[in-house]
A.B. asks: 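Take this structure, written in structure tokens, and hold onto it; I'll ask about it next.
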Amino acid sequence: MAESEPDQNPSPASFPPPERRSDMPRRVRYECDMRGVPLFLEFSNHNYARRLKPRVDRALALVAILVLLPLLIPIAILIKLADGGPIFFVQQRTGYLGRRFPLFKFRTMVPNAEAMKEALRAQNVHGPESPDFKLIDDPRVTRIGRFLRKTSLDELPNLWNIVRGEMSFVGPRPTSFDASTYKMHHLPRLAARPGLTGLWQVSGRANIGFDERSEMDIAYIRSLSPQQDLSLMIKTVSAVTKADGAH
């Protein structure tokens with residue numbers, strides 16, 4: 001599902017103290033234990049989460065890339081012809097156990113979008129201090145970018161992240177802000193690999209805060225199953241088809 005590219009980091013004053021920022025995997029495990037959230041690789045007797053889901057994700061993503069090449073190539077050409085800037089937007093995101101990884105998307109904003117962010121901070125719909133950054137009618141979005149976001153085609157390069165094993169088709173959406181900026185009760189959302197789509201994306205509630213998003217992600221992880229993943233993927237296809245999934 002489409003989203004604003006450069007998320008806003010919270011101010012340094014809101015960062016947890018150093019002792020909470022160190023050894024993030026241990027912190028995630030501790031919070032998961034406290035809240036009864038199973039870790040992705042430690043689901044007891046759960047072959048789907050530990051073995052089947054990662055393998056199926058990678059195989060389907062590779063097939064999808066090959067099938068979609070006739071669509072991916074024209075999109076790349078149009079982005080390049082629009083302003084001569086880079087085709088892809090690559091941003092560090094937070095994944096499983098707080099590990100950072102480069103997320104790939106088709107670029108939908110002007111090349112200097114990051115430099116413009118500070119001047120637009122007050123317009124953040126989540127509030128100027130929120131780690132989530134979203135604008136209504138973002139002036140940084142290009143013409144081709146608006147189309148890509150409306151159709152969620154800008155997310156297709158995420159398929160390469162799935163092939164690389166950094167993401168899944170379904171899971172919590174990876175944040176651009178580091179896990180060291182999370183509050184402790186947010187950490188259990190890092191108990192599973194991040195997803196191309198998830199419970200929040202198909203909920204129809206685009207502007208909810210990070211606290212509520214995290215609770216939805218944690219609820220997804222607690223009830224992880226192939227039936228739930230299939231249901232969320234079907235709902236995602238329906239939302240994209242209706243063009244109402246561009247958050």
Side-chain angles (χ1 to χ4, degrees), residues 1 3-4 6-44 46 48-50 53-54 57 91-103 124 126-134 158 161-162 164-203 205-225 228-229 232 247:
M1 315 293 280
E3 60 182 319
S4 179
D7 283 320
Q8 177 184 327
N9 289 324
S11 62
S14 66
F15 284 10
E19 63 270 16
R20 281 175 52 184
R21 298 202 301 266
S22 62
D23 195 5
M24 187 55 64
R26 182 180 66 83
R27 290 289 177 179
V28 173
R29 286 186 172 92
Y30 175 80
E31 285 299 307
C32 287
D33 287 344
M34 293 297 98
R35 301 190 62 184
V37 179
L39 285 169
F40 172 78
L41 297 180
E42 297 175 10
F43 274 79
S44 178
H46 203 322
Y48 173 68
R50 297 171 61 185
K53 179 177 169 74
D57 278 340
Q91 185 181 55
Q92 288 294 311
R93 295 288 179 109
T94 299
Y96 179 58
L97 297 181
R99 296 166 186 157
R100 300 286 278 175
F101 69 94
L103 179 133
N124 184 6
H126 298 293
E129 302 303 322
S130 173
D132 277 329
F133 190 77
K134 177 180 173 61
N158 287 181
N161 290 110
I162 298 175
R164 285 160 52 111
E166 297 156 336
M167 291 180 61
S168 294
F169 272 101
V170 183
R173 192 64 184 159
T175 58
S176 66
F177 43 97
D178 192 273
S180 63
T181 70
Y182 283 27
K183 296 177 182 177
M184 294 301 282
H185 63 272
H186 296 153
L187 293 179
R189 75 184 300 275
L190 302 176
R193 283 185 179 135
L196 181 62
T197 188
L199 186 58
W200 164 61
Q201 282 80 5
V202 301
S203 70
R205 302 157 72 187
N207 295 326
I208 64 174
F210 191 56
D211 283 345
E212 194 170 354
R213 276 180 56 188
S214 294
E215 288 302 320
M216 296 177 76
D217 292 333
I218 292 167
Y220 162 78
I221 295 171
R222 283 200 179 107
S223 57
L224 182 61
S225 69
Q228 179 178 227
D229 280 355
L232 291 175
H247 298 331

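Heavy-atom basis, side chains included; hydrogens, waters and symmetry copies ignored.
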A.B. asks: Side chains of Y182 and S214: any donor to acceptor distance under 3.5 Å?
C.D. replies: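 Result is no, nothing qualifies.
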
A.B. asks: Applying side chain to side chain donor-acceptor pair (under 3.5 Å), can you list everything that pairs with R35, at least two apart in sequence or on another chain?
C.D. replies: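 With sequence neighbours excluded, R35 shows a side chain to side chain donor-acceptor pair (under 3.5 Å) to E215, given in chain and number order.
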
A.B. asks: Take I218 and H186 through the test side chain to side chain contact (heavy atoms under 4.5 Å, CB included) and record every step on the way to the result.
C.D. replies: CA-CA 9 Å; I218 292 167; H186 296 153; over 6 Å; no

A.B. asks: Using every non-hydrogen atom in the two residues, find where R50 and F40 come nearest and quote the distance to one decimal.
C.D. replies: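 Closest approach of R50 to F40, heavy atoms only: CG-O, 3.8 Å.
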
A.B. asks: Can you name the residues that form a side chain to side chain donor-acceptor pair (under 3.5 Å) with D33, not counting sequence neighbours?
C.D. replies: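 Partners of D33 by the side chain to side chain donor-acceptor pair (under 3.5 Å) criterion come out as none, since no residue qualifies.
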
A.B. asks: Identify the heavy atoms of N161 and P102 that sit nearest to each other, and give their distance.
C.D. replies: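 In this case the closest contact between N161 and P102 is ND2-O, 2.7 Å.
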
A.B. asks: With sequence neighbours left out, write down each residue that passes salt bridge (Lys or Arg N to Asp or Glu O under 4.0 Å) with E31, or none if nothing qualifies.
C.D. replies: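 Salt bridge (Lys or Arg N to Asp or Glu O under 4.0 Å) list for E31, sorted by chain: empty.
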
A.B. asks: Where the side chain of K183 meets the backbone of D211, is there a donor-acceptor pair that is under 3.5 Å apart?
C.D. replies: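 Pair absent, no side-chain N/O of K183 close to backbone of D211.
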
A.B. asks: Would you say that R99 contacts E166 through its side chain, given a criterion of any heavy-atom pair below 4.5 Å between the two side chains?
C.D. replies: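 Of all side-chain heavy-atom pairs linking E166 with R99, none is under 4.5 Å.
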
A.B. asks: What pair of heavy atoms forms the shortest contact from T181 to D178, and how long is it?
C.D. replies: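 Here T181 and D178 meet closest at OG1-O, 2.7 Å.
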
A.B. asks: State, to 0.1 Å, how close I221 and P172 come at their nearest heavy-atom pair, and which atoms those are.
C.D. replies: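 I221 and P172 have their closest heavy atoms at CD1-CG, 4.1 Å.
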
A.B. asks: What pair of heavy atoms forms the shortest contact from A191 to C32, and how long is it?
C.D. replies: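 Heavy atoms only, the tightest pair is CB-SG, 3.6 Å.
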
A.B. asks: What residues, two or more places apart in sequence or in another chain, satisfy side chain to side chain donor-acceptor pair (under 3.5 Å) together with Q228?
C.D. replies: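 Q228 satisfies side chain to side chain donor-acceptor pair (under 3.5 Å) with S223 once adjacent residues are dropped.
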
A.B. asks: Short question: side chain of Q201, backbone of G198 - any donor-acceptor pair under 3.5 Å?
C.D. replies: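 Yes; judged by distance alone, with no hydrogens or angles, the pair exists.
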
A.B. asks: What residue pairs, at least two apart or across chains, pass salt bridge (charged side-chain N to carboxylate O under 4.0 Å, His left out) with a residue in residues 187-202?
C.D. replies: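 Matches after skipping sequence neighbours: R189-D217.
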
A.B. asks: Go through the steps for Y30 and L187 under the test side chain to side chain contact (heavy atoms under 4.5 Å, CB included), then give the verdict.
C.D. replies: CA-CA 9 Å; Y30 175 80; L187 293 179; over 6 Å; no

A.B. asks: Determine, step by step, whether M167 and L103 satisfy the side chain to side chain contact (heavy atoms under 4.5 Å, CB included) criterion, reporting the C-alpha distance in whole Å, the side-chain angles of both residues, the deciding distance to 0.1 Å, and the verdict.
C.D. replies: CA-CA 9 Å; M167 291 180 61; L103 179 133; 3.7 Å; yes

A.B. asks: For Y96 together with F101, are the ring centres under 6.0 Å from each other?
C.D. replies: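 No, ring centres 6.0 Å or more apart.
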
A.B. asks: Please report the C-alpha distance between T197 and R173 in whole Å, then the side-chain angles of each, then the deciding distance to 0.1 Å, and finally whether the side chain to side chain contact (heavy atoms under 4.5 Å, CB included) criterion is met.
C.D. replies: CA-CA 7 Å; T197 188; R173 192 64 184 159; over 6 Å; no

A.B. asks: Can you name the nearest heavy-atom pair linking I162 to D57, along with the distance?
C.D. replies: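 In terms of heavy atoms, the two residues are closest at CG2-O, 3.4 Å.
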
A.B. asks: Side chains of R93 and T175 only: does a donor on one sit below 3.5 Å from an acceptor on the other?
C.D. replies: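 Looking only at side-chain atoms, T175 and R93 do not form any donor-acceptor pair under 3.5 Å.
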
A.B. asks: Could you grab the distance from atom CG of D229 to atom OH of Y48, nearest 0.5 Å is fine?
C.D. replies: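 Separation between the atoms: 3.5 Å.
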
